[in-house]
Engineer: 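I have a structure I would like to understand better, so I am pasting it below and will then ask my questions one at a time.
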Amino acid sequence: MDRLEAYGRIEELKAVLKENSRRYYVENAPTMSDYDFDMKMKELEELEAEWPEFATADSPTRKVGSDLSSSDARKGFLQYSHRYPMLSLGNTYSLGEVEEFAARAEKSLEGKNFTYCCELKFDGTSISLNYVHGHLFRALTRGDGTVGDDVTENVRMIGNVPETLKGEGWPDDFEIRGEILMPFEAFDRLNAEREASEEAPFANPRNAASGSLKLQDSSEVAHRGLWCTLYHIPSRSVSFATHDDALKAAQGWGLPVSDKRKLCRNIAEIEEYVNYWDTARKALPYATDGIVIKINELEYQTALGYTAKSPRWAVAYKFQAERALTPVLSIDYQVGRTGAVTPVANLEPVFISGTMVKRATLNNADQMELIDIRIGDSVYVEKGGEIIPKITGVELSLRPGDSVKPEFPRVCPDCGALLVREEEEARWFCPDTYGCPMQIKGRILHFLSRKAMDIEAGEATVAQLFNAGLVRTPADLYDLTPEQLISLDGWQKKAAENFLSSLAASKEVPFERVLFALGIRHIGETKAKSLARHFGNIDAIAMATEEEMASVPDIGQVIAHSTALYFEDARHAIEIHRLREHGIKFSIEEGDSTESDILKGQIIVISGNFSISRDEMKSLIERHGGKNSSSVSGKTSFLLAGSKPGPEKIRKCNQLGIRIVDEASFLAMLSGKDVVKDTLF
């Protein structure tokens with residue numbers, strides 16, 4: 001490579017890394033895998049070392065990725081300087097490079113007795129907590145390493161972050177740093193809600209945690225089920241001999257410190273720890289992406305110091321994400337019930353992380369453009385957080401010479417209407433809300449779904465009823481007769497009777513689920529419950545102003561606006577009137593929401609399998625005045641444990657002294673009997 005080529009490649013890498021860093025930290029929508037990003041960063045580091053005249057102060061090799069929002073408090077968060085720079089770690093995918101790190105440390109600290117502290121590398125978003133006089137004073141994101149966004153009010157909503165320290169010996173003013181995580185259970189629940197509202201799902205728990213931490217509505221943060229784990233106190237904040245001593249003390253003050261760390265004396269013990277967790281991490285309830293190895297003695301950390309971007313006394317070893325290379329067979333464009341058009345790549349089936357992957361959502365036209373995907377391309381597929389299949393890149397060396405770049409449709413692939421894209425929206429929409437067959441069928445399917453009206457019918461039945469001209473809105477379902485059903489292909493008398501019985505049973509569905517079934521944009525199960533319980537009936541919601549709706553806990557301005565727009569449409573008023581005439585519940589009736597207040601004020605976490613479904617168990621808790629939570633914290637009243645409860649939740653309960661109650665004892669509790677003896681695990 002000559003001088004001109006080196007300059008061109010350096011500038012190209014800088015531009016790519018800066019853009020992908022912005023998408024990763026600010027938009028929480030990365031388009032490049034961690035591995036590819038790290039490899040490009042490594043290439044840039046090597047080129048800048050070879051051609052130092054092209055290395056600049058703003059190079060990604062010298063600056064940490066920034067998650068800063070707008071400095072305008074009306075649009076983002078207030079910003080404050082970090083007392084000590086909040087740097088990133090140097091990382092590697094090679095155990096050989098970990099050995100080189102250990103060799104450098106031993107050479108620099110020759111003759112000194114020291115150890116390594118090995119910890120899990122949590123896949124979340126960085127946070128710095130400042131405690132003053134034993135109380136949480138401020139929480140800052142990493143920002144650009146020098147300045148961070150003030151997210152204190154949102155962090156106060158995270159269950160395991162203590163407002164006040166316990167014990168004694170804590171400094172009067174100190175910082176402790178760590179990660180905000182989203183456990184897999186909370187991640188699954190959030191994405192299910194987003195998909196029900198036809199919002200793009202988060203790619204992985206890390207992006208979901210970061211996006212949740214930056215929400216403007218703190219009450220919504222509380223609903224997201226975030227979790228905090230802390231792992232570093234800047235040495236200048238405290239006077240301990242070792243990093244491990246500082247974390248033990250912090251744990252004694254009630255701070256959520258990970259107990260998965262281990263002290264190692266040499267590289268052999270480090271590699272043993274790495275190899276163990278490369279497998280064992282898959283049983284954890286949250287995402288981890290590697291191991292952090294630190295010099296344990298704080299005196300030697302200070303002696304080794306820092307580069308412009310990273311500490312010299314620590315390194316991160318990153319696990320390789322499981323990924324596969326497979327061809328793209330075709331690309332479909334799906335129209336959802338809200339009109340959003342989503343591209344989906346159909347793949348040659350490939351086995352990844354225990355499941356066969358055949359399809360991967362591409363989210364929107366921008367993502368297709370960014371990764372430059374074409375039919376026939378061989379693409380790298382990963383499972384984000386080992387959950388959602390995601391295309392992370394194209395292997396250009398395998399691209400067929402006659403490949404054609406796909407064009408995102410300009411008209412609806414179902415009804416032919418010209419697609420529209422609102423300002424600041426990432427996705428294209430079909431505007432023909434009441435004429436597009438896919439939107440109509442999508443709304444009916446949503447209405448029928450288990451968590452809505454729970455009517456026994458699926459996609460094929462809806463398509464058949466639609467094609468026969470019998471159903472265009474949910475209210476049409478209740479006009480169906482046995483004769484109409486039996487006249488359809490494949491319907492027998494018994495099938496018709498079962499379907500009509502299911503429709504009749506749906507008239508007993510409580511109002512909060514009916515409100516969810518209407519399919520108002522952004523109204524998921526939780527939001528529907530909040531609105532239903534606050535206003536009591538559909539008429540009160542329809543008459544409420546946006547300001548009145550936005551004042552309801554868990555309901556923000558965006559949801560209030562979309563709800564108001566729904567009720568402004570006369571067609572919806574007609575539909576609700578028809579459903580009401582058929583006996584559908586549009587108000588909370590006595591016994592619908594609560595049966596008793598035995599669990600009033602209690603926060604309950606469930607884990608394991610029960611004699612009824614988990615959804616039914618959660619509903620039972622709510623009907624008796626309790627509140628469900630997805631994660632164990634100091635605020636948890638008790639853990640309701642079925643068969644095979646999660647070991648991490650059990651361990652956390654034992655650590656915090658939280659009661660563990662089995663199903664039989666819980667049912668006895670609901671009947672008014674006091675449960676004295678808790679379940680032992």
Side-chain angles (χ1 to χ4, degrees), residues 25-26 28 64-89 122 124-182 206 209-240 243 246-247 249-258 306 311 633-635:
Y25 289 106
V26 179
N28 299 302
V64 302
S66 175
D67 62 20
L68 288 176
S69 302
S70 167
S71 58
D72 184 343
R74 294 169 298 177
K75 299 178 181 177
F77 295 86
L78 293 174
Q79 292 165 2
Y80 294 93
S81 297
H82 291 296
R83 187 176 304 174
Y84 314 109
M86 209 168 168
L87 305 178
S88 60
L89 289 174
F122 301 98
T125 186
S126 299
I127 196 71
S128 178
L129 306 181
N130 179 202
Y131 282 85
V132 178
H133 307 312
H135 299 280
L136 179 61
F137 173 69
R138 183 171 290 150
L140 297 179
T141 67
R142 182 167 66 180
D144 63 3
T146 303
V147 174
D149 283 335
D150 183 351
V151 290
T152 309
E153 293 311 307
N154 286 350
V155 168
R156 293 186 198 278
M157 297 293 157
I158 299 174
N160 71 330
V161 175
E163 185 75 27
T164 304
L165 300 180
K166 66 179 185 179
E168 57 185 22
W170 28 265
D172 208 38
D173 184 354
F174 76 100
E175 289 184 18
I176 184 166
R177 295 169 174 178
E179 300 274 320
I180 303 298
L181 311 169
M182 181 171 284
R206 186 265 161 207
S210 182
S212 299
L213 191 62
K214 291 293 191 74
L215 290 170
Q216 293 292 323
D217 183 357
S218 294
S219 63
E220 174 64 13
V221 178
H223 168 65
R224 291 290 178 93
L226 296 177
W227 190 255
C228 179
T229 187
L230 301 170
Y231 48 66
H232 177 62
I233 303 179
S235 58
R236 286 167 284 180
S237 284
V238 290
S239 54
F240 292 100
H243 169 73
L247 293 186
Q251 193 166 11
W253 304 332
L255 290 162
V257 174
S258 172
Y306 300 81
S633 73
K635 299 174 185 176

Engineer: Just how far is it from atom CE of M86 to atom OG1 of T141, taken to the nearest 0.5 Å?
Structural biologist: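 If I round to the nearest 0.5 Å, the distance is 7.5 Å.
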Engineer: Which label fits W253 and F240: parallel for a plane angle under 30°, tilted from 30 to 60°, or perpendicular past 60°?
Structural biologist: tilted
Engineer: Suppose we screen for side chain to side chain contact (heavy atoms under 4.5 Å, CB included). Which residues come up paired with S258, at least two apart in sequence or across chains?
Structural biologist: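 Side chain to side chain contact (heavy atoms under 4.5 Å, CB included) list for S258, sorted by chain: F122, T229, K260.
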Engineer: Can a cation-pi geometry be assigned to R177 and Y231, taking NZ or CZ under 6.0 Å from the six-membered ring centre and within 45° of the ring axis?
Structural biologist: no
Engineer: If you round to the nearest 0.5 Å, how far is OH of Y131 from CZ of R138?
Structural biologist: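 Between R138 CZ and Y131 OH, I get 14.5 Å after rounding to 0.5 Å.
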Engineer: What's the shortest heavy-atom distance between R224 and S212, and which atoms?
Structural biologist: NH1-OG, 2.6 Å
Engineer: I would like to know whether E175 and N130 meet side chain to side chain donor-acceptor pair (under 3.5 Å); could you show each step before the answer?
Structural biologist: CA-CA 4 Å; E175 289 184 18; N130 179 202; 5.5 Å; no
Engineer: Please name the pair of heavy atoms, one in T152 and one in A139, separated by the smallest distance, quoted to 0.1 Å.
Structural biologist: OG1-N, 2.9 Å
Engineer: To the closest 0.5 Å, what do you measure between CD1 (I158) and CD1 (I127)?
Structural biologist: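 It comes to 7.0 Å.
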Engineer: Quick test of your reading of the model: are R83 and D173 salt-bridged, counting only N-O distances below 4.0 Å?
Structural biologist: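 Looking at R83 and D173, the cut-off is met.
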Engineer: From H243 NE2 over to L247 CG, what is the distance, rounded to the nearest 0.5 angstrom?
Structural biologist: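 Between atom NE2 of H243 and atom CG of L247 there are 4.0 Å.
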Engineer: In Å and rounded to the nearest 0.5 Å, what is the CG to OG distance from L181 to S210?
Structural biologist: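 One gets 12.0 Å once the value is rounded to the nearest 0.5 Å.
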Engineer: Looking at N154 and L215, would you say the former's side chain and the latter's main chain have a donor-acceptor pair under 3.5 Å?
Structural biologist: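 Side chain of N154 to backbone of L215: a pair is present.
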Engineer: Less than 4.5 Å apart, any side-chain heavy atom of L213 and any of V155?
Structural biologist: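 In contact.
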Engineer: Could I get the full list of side chain to side chain donor-acceptor pair (under 3.5 Å) partners for H232, not counting sequence neighbours?
Structural biologist: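 So H232 forms no side chain to side chain donor-acceptor pair (under 3.5 Å) with any residue.
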Engineer: Looking only at heavy atoms, what is the nearest atom pair of V147 and S81, with distance?
Structural biologist: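 Between these two residues, the closest heavy atoms are CG2-OG, 4.0 Å.
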Engineer: With no hydrogens and no angle check, is any side-chain donor or acceptor of Q79 less than 3.5 Å from a backbone partner on D149?
Structural biologist: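 Absent.
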Engineer: Show the nearest heavy-atom pair for residues F174 and L165, with the distance to one decimal.
Structural biologist: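 Nearest heavy atoms, F174 then L165: CE2-CD1, 3.7 Å.
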Engineer: Output, in order, the C-alpha distance, side-chain angles, deciding distance and verdict of side chain to side chain contact (heavy atoms under 4.5 Å, CB included) for R142 and S128.
Structural biologist: CA-CA 7 Å; R142 182 167 66 180; S128 178; over 6 Å; no
Engineer: Going by heavy atoms in the side chains, are F77 and V151 under 4.5 Å from each other?
Structural biologist: yes
Engineer: Of all heavy-atom pairs between H82 and G145, which one has the smallest distance, and what is that distance?
Structural biologist: CD2-O, 3.6 Å
Engineer: For K635, enumerate each residue passing the side chain to side chain contact (heavy atoms under 4.5 Å, CB included) test, keeping only those at least two apart in sequence or located in another chain.
Structural biologist: I603, S633
Engineer: Going through the distances and angles, do R156 and L136 end up as a side chain to side chain contact (heavy atoms under 4.5 Å, CB included)?
Structural biologist: CA-CA 8 Å; R156 293 186 198 278; L136 179 61; 4.2 Å; yes
Engineer: Rounded at 0.5 Å granularity, tell me how far SG in C228 sits from CG in N160.
Structural biologist: 5.5 Å
Engineer: Which heavy atom of P162 sits nearest to which heavy atom of G254, and what is that distance?
Structural biologist: CG-O, 3.5 Å
Engineer: Check whether any side-chain heavy atom of P85 lies under 4.5 Å from a side-chain heavy atom of T146, and answer yes or no.
Structural biologist: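 Not in contact.
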